[in-house]
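Have a look at the structure below before the remarks.
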Amino acid sequence: MAEGGGSSSATLKRCLGVLRDARNDSEQFAALLLVTKAVKAGEIDAKTRRQIFDAIGFTFPNRLLASRQPPAGCPEHTFRALGLTLLACFCTDPELAGHSQILNKIPTFNDILVSPCDPDTTSMIDDAYQCLSAVLATTRGPRELVTKGTVSALCQAYLNCGYGSDRALTLLLGLLAIAEAKCWQRDAPHLLAVLSKLSNDFLKAEDMTKFELCEVLPHFIPLSPPLTQDSQGSECLCRLYKGLANILGSKLSQSQRDPALKLAACLVQACGSEWIPAGSAGSKFLALLVNLACVEVRLTLEEPEPLETEGKKEVVTACYVLIEMGIQECLREEKPLLEDVQKMQLMRIMEEAFGAVIFYLRQVKDEELQDPFIFASVRILGAWMAEETSSLKQEICELLPFLVHYTKKLFKEGSTAPQPELVSTEGSVLPQDALRLLLPAFCHLTAEDRPRDILISEGAPALLCEYFLRQWEVLASECGSLTPLPSAEMSLQTACGIFLNLVVTVPDLIRQDKTFSSLMDVLLKSLPVLLPQKDHLVLTANIVTLGLMMARILASSAVLQGTQPAKEFFGAAICFLSQAHTAQAEPGSDSLAVAVSPAYTSTWDDIRELWFLGMQALASCVPLFPWLPQAVLQAKWLESLSELLTHVAPASLDFELIAAFQGVLVELARASEPCRDVILSHHGVEWANLYGMAALEQCLSEP
């Protein structure tokens, strides 16, 4: 009813007057019948709605809903229907929709949706849906709906295929968009039942319904485990795979292909490639999926105005997800889904797609840098550059200034725009940490002359030092968490790899750029904190080695002149290096053999090379820091090393390990008389001869 709506408005005003003056329930009921008829006659304006509420409040609708005694000659649900109509009317006011009196009725609305329906109760179902939709739009509503059982009620209403089931699905979609994780956490069995029906319909559909379901299904695919850990979930995945294989194997229009690609990407985000079966059919489908994604990326990004079409960014972002799966599958060695020939073909096709991504990024203007699609494009390019180091070198070098500028801008601004996810993550807002995504690529690039020179000229080292400090602060605050390898720790490890490349290839940069003095200071202070925490051993190895190698170059800086932080760092470094090996019994023999210490065993493959580099760097540091031999003596390393070398079988030490020990021992014996004396007093000459340590033997024999 429109505002000032003629005779209906006059009738409603008379009804409100009767309602105010009613002397008993029967008069009030009669007036309410007139009010509800007027409400149902059409839309009412906000002022009139408020007048109705002021006249009756929540009390009377509550009584109507609670009553089980309808008037003579009326259907048994008459009172409930009247009460619902009034509440549905009130719910069109957002303020009233969030009122506790409405929120308390959520279980009642749920019951109506799942109760048997007959022609007389359809208006009640309509009113219940109107109330629930209004509640969903309020601030507290989604949480209240989840906790009060609306998800399971909507699932049942949809599965019953009764009156209003299409509205149940619409409401479910809205609720999942806002509170996906909570919905799945509380009602996984019911949601899986809905997904089971949807996936079944998807597989069987032979008309446009199939493509409409492509749009709906992603909302019912959780990022949590139910799909792969539950037999019903696995059956759903199997049907979705077959349905997509049928679609993508056919000739499609763009409007049909786009939702299919988005659904496939959603499945990849949720389950990786687990939903694609092994074998010839699965490998062909996977190759087709990645191929289609690459073609879509090229066709879109090579256009003069590539993303003008509505929704095109979402489709290309979905293609990025599929391409990233392609990269991972091409690298997979254990139980690969793809054959070698397929991998080679896909690598060529992906290279062409990444040429298009680079072409697109080179056109990006400064004012577009906050666009989440740019972030998605940089992210996928970073994944490619991290693995395919020889491809598109010229193009990547030309793009490097943009990448440094982009990561610097996002880092400086601490941007917290949402990442472009295809599946809702509970409305979470994560920082656009573009630099983290490019660190593995930068690690490869700093090992090569031309890209390294470009990165240095664009100011990447200073940015990386700042980033390292920020990530260390994050890790220091997370050290007590249960996360085995947080992203901050991975970022720090990769950044150390980049700095090691710079230390080895451009030592003058380390000397001249003041940023590295600041980095040295951070390393000195962080290692003693990190060392006692045994589950951070790989990062510890990185910081030990990087710190020692930088100390060789920055030996004259004030921060290393026997300061307390410097002494604590070297003490921790000595501790890390000295405890890596132990003696243990050889199987089936009485003799002892040298072995990696138990605490280091699980990560030795990752830290072995760092340990050897660290030993070389420590040997180089000994003549540069007069107080360093004293630190070695305090750690009792010479005694424990002598003990080890005296008791193990010489054959259990390989040449590389012998050389590492000898390098440190020779420098200590040359730089410090007390160290030389300890080595000699522990049969140093004998085991130097035994292990073929000619340089040490000569050093010890000198007067």
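All heavy atoms count here, side chains included; hydrogens, waters and symmetry mates do not. Quick caveat: nothing in here was measured; it's all calculated off a predicted structure.
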Quiz item: Is it true that R450 and D453 make a salt bridge, defined as a side-chain N closer than 4.0 Å to a carboxylate O?
Solution: no

Quiz prompt | Set of ring pair (Phe, Tyr, Trp, His ring centres under 6.0 Å) partners for F285, sequence neighbours left out | solution = Y241, W275

Quiz item: Should the pair E458-K408 be classified as a salt bridge under the 4.0 Å nitrogen-to-oxygen rule?
Solution: no

Quiz item: Quick check: does any side chain N or O of T494 sit under 3.5 Å from a backbone N or O of P440, one acting as donor and the other as acceptor?
Solution: no

Quiz prompt | Considering all heavy atoms, the nearest I349-C294 contact | solution = CG2-CB, 3.4 Å

Would you give me the side-chain donor-acceptor pairs under 3.5 Å for residues 610-617, sequence neighbours excluded?
{"from": "W611", "atom 1": "NE1", "to": "L577", "atom 2": "O", "distance (Å)": "3.0"}

Quiz item: Looking at side-chain heavy atoms only, is the closest gap between C465 and V522 below 4.5 Å?
Solution: no

Practice problem: Report the C-alpha separation of L437 and V378 in whole Å, then their side-chain angles, then the decisive distance to 0.1 Å, and conclude whether the side-chain contact (heavy atoms from CB on, under 4.5 Å) test is met. | Solution: CA-CA 8 Å; L437 305 173; V378 170; 5.6 Å; no

Quiz item: How far does SG of C330 sit from CG of L346, to the nearest 0.5 angstrom?
Solution: 5.0 Å

Quiz item: Excluding sequence neighbours, so at least two apart, what forms side chain to side chain contact (heavy atoms under 4.5 Å, CB included) with A462?
Solution: T515

Quiz item: Is there a side-chain contact between K525 and D521, using heavy atoms and a 4.5 Å cut-off?
Solution: yes

Practice problem: Not counting sequence neighbours, list each pair that qualifies as a side chain to side chain donor-acceptor pair (under 3.5 Å) and has a residue in residues 567-581. | Solution: Q564-E568

Practice problem: Compute whether any side-chain donor of one residue and acceptor of the other, for S491 and E489, lie under 3.5 angstrom apart. | Solution: no

Practice problem: State the CG-CD distance between L435 and E466, to the nearest 0.5 angstrom. | Solution: 10.5 Å

Quiz prompt | Separation of L618 CG from S620 OG (nearest 0.5 Å) | solution = 8.5 Å

Quiz item: Around E339, counting heavy atoms of other residues, nucleotides and ligands shown, do more than 12 lie under 6.0 Å from its CD?
Solution: no

Self-check item: Contacts of type side chain to side chain contact (heavy atoms under 4.5 Å, CB included), residue V504, not counting sequence neighbours
Solution: M549

Quiz item: Taking C-beta and beyond as the side chain, do I380 and F354 meet within less than 4.5 Å on heavy atoms?
Solution: yes

Practice problem: Indicate yes or no: at least one non-hydrogen side-chain atom of Y467 is less than 4.5 angstrom from one of R436. | Solution: yes

Exercise. Count the heavy atoms belonging to other residues, nucleotides or ligands that lie under 6.0 Å from NZ of K534, then report whether that count exceeds 12.
Key: yes

Quiz item: Considering all heavy atoms of both residues, which atom of L244 and which atom of A260 are nearest to each other, and what is their separation?
Solution: CD2-O, 3.5 Å

Quiz prompt | ring pair (Phe, Tyr, Trp, His ring centres under 6.0 Å) involving F569 - partner list, sequence neighbours excluded | solution = none

Exercise. Output yes when a side-chain donor or acceptor of K343 lies under 3.5 Å from a complementary backbone atom of R332, and no otherwise.
Key: yes

Quiz prompt | Residue pair L286 / M325, side-chain heavy-atom distance below 4.5 Å | solution = yes

Exercise. Test side-chain contact (heavy atoms from CB on, under 4.5 Å) on T300 and V315 and set out the steps.
Key: CA-CA 10 Å; T300 306; V315 177; over 6 Å; no

Quiz item: What heavy-atom pair brings E324 and A383 nearest, and what distance separates the two atoms?
Solution: OE2-CB, 4.2 Å

Exercise. Provide the full list of side chain to side chain donor-acceptor pair (under 3.5 Å) pairs with a residue in residues 653-663, sequence neighbours left out, each pair given once.
Key: R608-E656

Quiz item: So do L399 and L381 actually touch side chain to side chain, heavy atoms under 4.5 Å?
Solution: yes

Self-check item: Separation of L548 CG from F576 CZ (nearest 0.5 Å)
Solution: 10.0 Å

Practice problem: Using atom types as modelled and distance alone, determine if a side-chain donor or acceptor of N501 lies under 3.5 Å from a backbone N or O of H444. | Solution: no

Quiz item: Is the backbone of L338 close enough, under 3.5 Å, to the side chain of S283 for a donor and an acceptor to pair up by distance?
Solution: no

Quiz item: Any side-chain heavy atom of C319 within less than 4.5 Å of one from L261?
Solution: yes

Self-check item: Any residue meeting side chain to side chain contact (heavy atoms under 4.5 Å, CB included) with E351, in chain and number order, not counting sequence neighbours
Solution: W384, S391, L392

Practice problem: Mind checking side chain to side chain contact (heavy atoms under 4.5 Å, CB included) for E448 and listing every partner two or more places apart, or none if nothing turns up? | Solution: K393, P451

Quiz prompt | E667 side chain to G663 backbone, donor-acceptor under 3.5 Å | solution = no

Practice problem: Look at the side chain of T545 and the backbone N and O of N542, then say whether any donor-acceptor pair between them is shorter than 3.5 Å. | Solution: no

Quiz item: Does E314 come within less than 4.0 Å of K262, counting only side-chain N to carboxylate O?
Solution: no

Exercise. Given side-chain contact (heavy atoms from CB on, under 4.5 Å), test L539 with L475 step by step and report yes or no.
Key: CA-CA 11 Å; L539 180 57; L475 182 69; 3.4 Å; yes

Quiz item: Is E609 atom CD crowded by more than 12 heavy atoms from other residues, nucleotides or ligands, each under 6.0 Å away?
Solution: no

Quiz prompt | Residue pair L445 / L400, side-chain heavy-atom distance below 4.5 Å | solution = yes

Practice problem: Determine the interplanar angle of the Y600 and W604 rings, folded into 0 to 90°, and report it as parallel if under 30°, tilted if 30 to 60°, perpendicular if over 60°. | Solution: perpendicular

Practice problem: Kindly determine whether L530 and W472 satisfy side-chain contact (heavy atoms from CB on, under 4.5 Å), including the steps that lead there. | Solution: CA-CA 10 Å; L530 200 58; W472 170 251; 4.0 Å; yes

Quiz prompt | Distance in Å, L463 CG paired with K412 NZ, rounded so as to fall on 0.5 Å steps | solution = 6.5 Å

Quiz item: Can you name the residues that form a salt bridge (charged side-chain N to carboxylate O under 4.0 Å, His left out) with D605, not counting sequence neighbours?
Solution: none

Self-check item: Flag, side chain of T563 to backbone of L560, donor-acceptor distance under 3.5 Å
Solution: no

Self-check item: Reported CG-to-CG distance for the pair L464 and L439, which is rounded to 0.5 angstrom
Solution: 6.5 Å

Exercise. Work out which heavy atom in I276 is nearest to a heavy atom in G282; give both atom names and the distance.
Key: CG2-O, 3.4 Å

Quiz item: Donor-acceptor pair, Y406 side chain versus F375 backbone, under 3.5 Å?
Solution: yes

Quiz item: At their closest point, which heavy atom of L301 faces which heavy atom of F359, and how far apart are they?
Solution: O-CD2, 3.6 Å

Quiz item: What pairs of residues pass the salt bridge (Lys or Arg N to Asp or Glu O under 4.0 Å) test when at least one of them lies in residues 275-297, not counting sequence neighbours?
Solution: R257-E296, E296-K312

Quiz item: Applying side chain to side chain donor-acceptor pair (under 3.5 Å), which residue pairs with at least one partner in residues 396-405 are found, sequence neighbours left out?
Solution: R362-E398, D366-H405, Q394-E398

